[in-house]
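Notes for the one structure printed next.
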Amino acid sequence: MTGSEETALLTVALGQVGVATALIIFAIVGAGWAARSMAFLAALAVGAGAAHGWFVPAATQAPGAALTLGAPMPGVLGGSLALPLAVVVAAAAAGAVVLALVVGRRRLAPRVRATSASGSRERKQTFAAEARNKRLLGILQREHQKLRDVKEMHRYFELATRNSQITVLFQDPDLRYQWVVNPRPSLIGEGMIGLTDEEALPPEVRPLVIGHKTRALQTGMTQTFEVQVPGKDERAWFRMDVVPISDGKRLTGLVCTAIDISRSKRLDAMRTDLSRRLAETLQRFNLALRSERIMVFSQDTSLRYTWANTDETQVGSIIGRTDLDVIPESDREPIVSLKTQVIATRRPASGEVGVGDGADRRWYDLHVEPNLRPDGSVAGITCASVDITHRKRNEEQMRLVMRELTHRTKNLLTVVIAIARQTSNQATTVETFVPALIARLRALSAAQDLIVADEWAGVDMGDLVRVLVGQFMPPHSSRVTVAGPQVVLSPEASQNLGLAIHELAANAVQYGAFANASGTLEVTWAVTTSPSGEDQLVLTWTERGGPTVNEPTRRGFGMTVIERNLSRALGAKVSLAFGASGLTASVTLPLEGIVPFASPDRIRLAQAS
């Protein structure tokens with residue numbers, strides 16, 4: 001076989017492959033199932049023929065052999081026609097391939113476009129689904145984070161309420177407990193969930209709590225109240241805030257906050273008890289200070305009064321005032337000097353000071369101590385003032401009494417000596433001298449007792465008459481009448497007038513109204529005005545019913561005391577009348593000379609008393 005023949009055979013084989021390929025493509029994309037089936041079978045036949053060598057060269061045929069399928073017809077394809085025929089077959093195969101591609105493209109184009117559109121939609125749906133999933137995943141993550149935050153906040157809330165003794169709970173409109181945070185056994189326990197207040201609360205607190213919660217539901221306003229809950233060992237107190245909760249249309253329940261205030265209540269009770277005890281102690285302290293006339297006060301460094309235990313001072317309240325406002329200038333210097341000395345030296349000091357004039361003058365034992373700051377500087381002073389006016393007056397009175405006693409002792413001794421001398425001159429024997437002297441000394445002693453009993457201030461005229469007459473006749477006897485206004489006699493007048501009354505009473509016993517059982521005595525006095533306008537005391541001694549008396553021929557000691565001693569000592573005018581019915585004596589004394597005179601010592605003595 002020549003080279004041209006081999007080329008022709010190769011070309012024919014390629015044409016067979018192309019035809020088979022075209023038929024297979026048509027079988028895939030062709031219209032109708034019958035046509036596609038026939039094309040598929042033809043493609044198989046062409047492929048089989050090509051595989052078994054359809055065009056066998058003539059040289060391989062035996063001479064005289066019959067023409068077989070697949071063998072080239074002798075003389076037709078041989079020679080010079082083999083190459084052109086191969087070209088034609090190849091061109092036909094190429095055309096078939098092109099035709100199959102065009103038809104297949106036309107048939108596949110809608111499907112490809114549909115497939116492409118469907119894929120685009122699916123991709124969009126996939127992208128949308130992925131975006132939606134991402135959004136949902138983000139939302140879910142955020143919700144999970146919020147849930148974790150809420151749980152964390154709830155944990156912190158429980159810790160905070162537990163440490164702060166706060167219980168928070170929620171109840172529905174039927175007052176049934178739904179949840180509780182930090183339950184308190186004394187008020188709300190964990191087992192109360194699902195129960196109502198009627199079922200859970202103690203009977204003692206139930207009306208109060210339910211009443212406030214019902215009011216909150218009815219009014220929609222927060223209710224705040226305190227409740228006391230009984231316990232096994234001791235009571236507990238809670239302050240409750242009831243807040244109604246609404247969804248905008250209706251009330252959905254109550255949020256209640258219960259704060260345990262038991263400790264503060266007990267502290268308040270303790271504080272109240274301590275305040276009461278402190279007030280009682282302070283009251284006793286002030287009572288003790290007042291009873292002892294003690295005043296405690298504080299002053300700053302400017303000597304301004306900042307505190308005092310009482311306002312009962314000579315000048316009233318002293319708070320906010322200074323010593324310049326309170327203490328008279330005449331008494332200020334020693335007091336201010338004592339206080340400034342304590343401020344300067346930071347050492348306590350004491351002294352006796354006087355404030356005021358005349359009868360209002362008061363004496364104080366003043367003790368001053370510094371008030372020191374932590375750094376040692378002086379912030380002020382605290383003073384304790386004890387009223388020693390009574391003691392000072394007693395001391396002054398004692399000195400005056402001693403002087404007065406010395407003076408009166410000398411006068412008394414002088415009178416005793418005079419009585420003894422006059423009695424001895426009138427007595428003829430010792431037997432008559434001694435009784436007379438004793439009687440007169442007794443009368444002088446009685447007058448002296450009245451003087452001492454009235455603290456040397458004076459003797460009442462009526463008391464003097466009754467005591468001296470009573471030595472001889474009971475003053476309440478019907479035979480004695482004593483009458484007159486109240487007149488106070490000085491000690492000197494009491495001694496001299498007392499001796500005169502004693503001599504008149506002794507004379508009545510010997511010679512007058514008291515010498516028998518029927519005589520009477522009337523002693524009266526009155527304060528009158530003399531023609532010169534001076535006040536005077538007129539004493540009248542009248543005896544009746546006694547023995548007949550005659551005017552004595554000589555003047556004894558009694559007449560001397562009555563007439564001469566009264567005239568000389570008291571400036572008295574004495575008139576004696578010896579009538580048939582009895583003795584009548586009239587003694588007129590200047591009132592100025594017999595009443596207590598206002599000597600400086602006696603004024604101070606009276607003030608001290």
Side-chain angles (χ1 to χ4, degrees), residues 136 139-276 279:
L136 292 176
I139 293 173
L140 185 60
Q141 290 176 348
R142 288 193 296 271
E143 293 300 324
H144 278 297
Q145 184 62 38
K146 290 181 180 179
L147 182 59
R148 286 194 296 270
D149 294 342
V150 168
K151 289 182 178 180
E152 191 72 11
M153 292 175 62
H154 182 73
R155 187 171 67 87
Y156 292 155
F157 178 69
E158 286 184 341
L159 291 175
T161 54
R162 184 180 301 114
N163 294 332
S164 60
Q165 306 296 316
I166 298 176
T167 299
V168 182
L169 56 95
F170 178 77
Q171 292 175 274
D172 60 18
D174 296 330
L175 300 183
R176 193 174 300 278
Y177 291 92
Q178 301 298 321
W179 53 261
V180 59
V181 177
N182 190 24
R184 314 294 295 180
S186 57
L187 179 65
I188 298 173
E190 295 181 352
M192 296 175 63
I193 302 301
L195 301 180
T196 64
D197 286 331
E198 287 285 351
E199 300 167 340
L201 294 180
E204 296 85 347
V205 302
R206 193 180 300 159
L208 175 64
V209 176
I210 294 177
H212 281 284
K213 292 180 179 179
T214 304
R215 190 175 300 111
L217 290 173
Q218 293 174 349
T219 62
M221 299 178 62
T222 301
Q223 302 292 317
T224 301
F225 59 97
E226 292 183 0
V227 60
Q228 185 179 9
V229 182
K232 295 181 179 179
D233 300 329
E234 56 185 6
R235 292 180 173 268
W237 285 266
F238 294 89
R239 185 177 71 84
M240 298 194 67
D241 293 313
V242 181
V243 182
I245 304 300
S246 173
D247 60 0
K249 297 180 181 180
R250 61 186 182 86
L251 291 175
T252 58
L254 299 173
V255 173
C256 304
T257 303
I259 303 175
D260 191 343
I261 57 173
S262 302
R263 188 169 182 270
S264 62
K265 279 289 187 180
R266 295 188 184 99
L267 290 177
D268 289 341
M270 292 174 59
R271 191 181 302 110
T272 301
D273 184 61
L274 289 176
S275 298
R276 178 184 58 81

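All values below come from the heavy atoms of this structure, side chains included, with hydrogens, waters and symmetry mates left out.
Checked by atom type, the side-chain pair Asp172/Tyr177 shows no donor-acceptor distance below 3.5 Å. Under 3.5 Å, the side chains of Asp241 and Gln223 contain no donor-acceptor pair of N or O atoms.
Note that CD of Gln178 and CD1 of Ile193 are 8.0 Å apart. Values are rounded to the nearest 0.5 Å. Taken from CZ in Arg239 to OG in Ser264, the straight-line distance is 9.5 Å, to the nearest 0.5 Å. One distance of note links NE2 of His144 with CG of Leu140; it measures 3.5 Å at 0.5 Å rounding. Once rounded to the nearest 0.5 Å, the distance linking CG of Leu169 with CG of Leu254 reads 9.0 Å. Note that CZ of Phe238 and CG of Asp260 are 4.5 Å apart. Values are rounded to the nearest 0.5 Å. With rounding to the nearest 0.5 angstrom, the CG atom of Asp197 is 7.5 Å from the SG atom of Cys256.
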Checking Arg271 against Leu274 for the side-chain contact (heavy atoms from CB on, under 4.5 Å) test, could you report, in this order, the C-alpha distance in whole Å, the side-chain angles of both residues, the deciding distance, and whether it holds?
CA-CA 5 Å; Arg271 191 181 302 110; Leu274 289 176; 5.7 Å; no
Starting from the C-alpha separation in whole Å, work towards a yes-or-no answer on salt bridge (charged side-chain N to carboxylate O under 4.0 Å, His left out) for Arg276 and Asp273.
CA-CA 5 Å; Arg276 178 184 58 81; Asp273 184 61; 2.5 Å; yes
So Thr257 and Met240, side-chain contact (heavy atoms from CB on, under 4.5 Å) or not? Walk me through it.
CA-CA 6 Å; Thr257 303; Met240 298 194 67; over 6 Å; no
Criterion side-chain contact (heavy atoms from CB on, under 4.5 Å) on Val242 and Phe225, from CA distance to verdict:
CA-CA 9 Å; Val242 181; Phe225 59 97; 3.8 Å; yes
Would Arg206 and Val209 count as a side-chain contact (heavy atoms from CB on, under 4.5 Å) here? Give the steps.
CA-CA 5 Å; Arg206 193 180 300 159; Val209 176; over 6 Å; no
Step by step, work out the side chain to side chain donor-acceptor pair (under 3.5 Å) result for Gln145 and Arg148.
CA-CA 5 Å; Gln145 184 62 38; Arg148 286 194 296 270; 2.4 Å; yes
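Closest approach of Pro202 to Val229, counting heavy atoms only: CG-CG1, 4.4 Å. Between Leu251 and Leu217, the shortest heavy-atom distance links the atoms CD1-O, 3.0 Å. Between Pro230 and Arg235, the shortest heavy-atom contact is CB-NH1, 3.7 Å. Scanning all heavy atoms of the two residues, the minimum distance from Phe170 to Thr252 falls at CZ-O, 3.7 Å. Taking each heavy atom of Ala236 and Ser262 in turn, the nearest pair found is CA-OG, 3.2 Å.
Taking a 6.0 Å sphere around CZ of Arg266, one finds it holds more than 12 heavy atoms contributed by other residues, nucleotides or ligands.
Between Lys213 and Gln171 the shortest side-chain heavy-atom distance falls below 4.5 Å.
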